[in-house]
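Whatever order the structure lists them in is the order used to number ligands and atoms, beginning at 1.
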Amino acid sequence: MCPDDLDEILELERQGYATPWSEQVFRDCFRADYRFRGIRVAGKLAGYSIAACIVDEIHLLNLCVGGRHRKSGLGRRLLRHLVTDAAKEGMTRLLLEVRRSNHAAISLYRSEGLAVIGERPGYYPDGRGREDALVMSLELRLSDDV
Ligand SMILES: CC(C)(COP(=O)(O)OP(=O)(O)OC[C@H]1O[C@@H](n2cnc3c(N)ncnc32)[C@H](O)[C@@H]1OP(=O)(O)O)[C@@H](O)C(=O)NCCC(=O)NCCS
């Protein structure tokens with residue numbers, strides 16, 4: 001992804017989250033130690049992933065598929081692409097946080113081999129309260145080349 005894609009990214013982000021990231025947060029993601037990938041359908045952005053490389057770990061910060069493209073395998077493709085590239089780059093572990101209530105994402109992550117390794121109480125804003133995050137992890141190997 002590049003800054004020219006921001007309008008499309010922000011449109012998908014607003015479909016994906018009750019508390020979407022701001023444009024400035026996305027602008028800060030165009031940096032060498034981040035991996036910011038998108039997937040297009042008929043030329044239009046349909047989803048994206050953003051991950052930060054921290055030494056030999058890659059942290060998935062955002063994975064989002066546009067509302068009308070969901071349940072057609074794009075989220076899985078974005079995640080697999082991230083895993084494959086990270087393993088090739090020599091990363092040894094994928095880490096992420098996910099809302100405890102986000103059953104769609106948790107189901108995707110579990111089906112790709114991620115396991116819950118912890119939780120962060122009150123990590124996310126949730127209306128006027130807070131919601132816990134589950135921390136999930138996957139060990140990466142060079143054979144992760146699906
Ligand atoms: C989570 C998200 C990225 C999944 O993307 P997607 O393209 O719809 O997912 P896929 O079509 O690749 O589905 C892969 C698996 O995810 C799970 N899944 C996806 N949507 C689901 C739903 N509504 N309910 C339950 N499981 C679901 C299933 O296990 C599915 O496998 P299956 O098709 O064999 O049943 C998408 O729902 C999204 O963008 N949500 C809003 C943003 C968000 O919550 N991101 C995650 C932040 S941690």
Side-chain angles (χ1 to χ4, degrees), residues 1-3 5-31 33-54 57-89 91-141 143-146:
M1 294 281 92
C2 69
D5 299 312
L6 270 172
D7 286 348
E8 287 181 289
I9 292 165
L10 288 167
E11 192 184 325
L12 296 190
E13 175 77 6
R14 288 186 204 110
Q15 293 171 18
Y17 300 101
T19 50
W21 286 6
S22 68
E23 178 174 341
Q24 189 54 50
V25 171
F26 281 103
R27 285 193 183 280
D28 290 342
C29 293
F30 298 113
R31 36 187 285 185
D33 55 341
Y34 278 38
R35 302 291 173 268
F36 197 160
R37 308 288 185 233
I39 191 161
R40 292 188 175 277
V41 173
K44 280 217 72 179
L45 192 69
Y48 54 84
S49 68
I50 304 174
C53 300
I54 302 171
E57 292 183 344
I58 187 151
H59 292 229
L60 180 59
L61 305 176
N62 197 333
L63 175 70
C64 187
V65 172
R68 68 194 184 91
H69 293 289
R70 291 199 193 138
K71 291 290 287 169
S72 59
L74 298 185
R76 193 184 298 285
R77 279 178 64 182
L78 282 162
L79 182 61
R80 287 187 177 183
H81 189 81
L82 175 82
V83 164
T84 302
D85 278 0
K88 281 183 187 156
E89 283 192 72
M91 303 284 162
T92 62
R93 197 151 81 122
L94 168 67
L95 279 168
L96 60 84
E97 280 95 14
V98 57
R99 282 180 187 268
R100 186 185 285 285
S101 64
N102 193 343
H103 302 297
I106 292 168
S107 169
L108 167 61
Y109 299 145
R110 281 194 196 282
S111 71
E112 289 296 314
L114 283 98
V116 175
I117 59 163
E119 50 189 81
R120 299 193 201 282
Y123 186 76
Y124 292 107
D126 180 28
R128 269 184 277 163
R130 309 288 302 179
E131 180 175 356
D132 298 348
L134 299 181
V135 183
M136 301 186 76
S137 164
L138 176 71
E139 301 303 315
L140 303 180
R141 301 176 309 275
S143 58
D144 286 327
D145 56 356
V146 274

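- Looking at heavy atoms from C-beta onward, Asp5 lies out of side-chain contact with Phe36 at the 4.5 angstrom threshold.
- No donor-acceptor distance shorter than 3.5 angstrom exists from the side chain of Asp28 to the backbone of Val25, with no hydrogens or angles considered.
- By the criterion of a heavy-atom distance under 4.0 Å, the side chain of Tyr109, and not its backbone, is placed next to ligand 1.
- Residues Leu61 and Trp21 are in side-chain contact: their nearest non-hydrogen atoms beyond the backbone lie under 4.5 Å apart.
- The protein heavy-atom contact nearest to atom 18 (N) of ligand 1 is Ala104 O, 3.6 Å.
- Less than 4.0 angstrom separates some heavy atom of Ala105 from each of these atoms of ligand 1: 1 (C), 46 (C).
- Listed by number with element, the atoms of ligand 1 under 4.0 Å from a non-hydrogen atom of Gly73 are 10 (P), 11 (O), 12 (O).
- Within the 4.0 Å cut-off (strictly below), no protein heavy atom is located near atom 2 (C) of ligand 1.
- The nearest heavy-atom contact from the protein to atom 37 (O) of ligand 1 is Arg70 CD, 3.3 Å.
- Those atoms of ligand 1 that come under 4.0 Å of a heavy atom in Arg76, given as number and element, are 12 (O), 14 (C), 15 (C), 30 (C), 31 (O), 32 (P), 34 (O).
- Ligand 1 places these atoms under 4.0 Å from at least one heavy atom of Ser107: 17 (C), 26 (N), 28 (C), 29 (O).
- Against a heavy-atom cut-off of under 4.0 Å, Cys64 is close to the following atoms of ligand 1: 39 (O).
- The nearest pair of heavy atoms linking Arg141 to Ala87 is O-CB, 3.2 Å.
- The atoms of ligand 1 that sit less than 4.0 Å from any heavy atom of Gly16 are 41 (C), 42 (C).
- With respect to the salt-bridge test (charged N to carboxylate O, under 4.0 angstrom), the residues Arg80 and Glu112 qualify.
- Counting protein heavy atoms under 4.0 angstrom from atom 13 (O) of ligand 1 gives zero.
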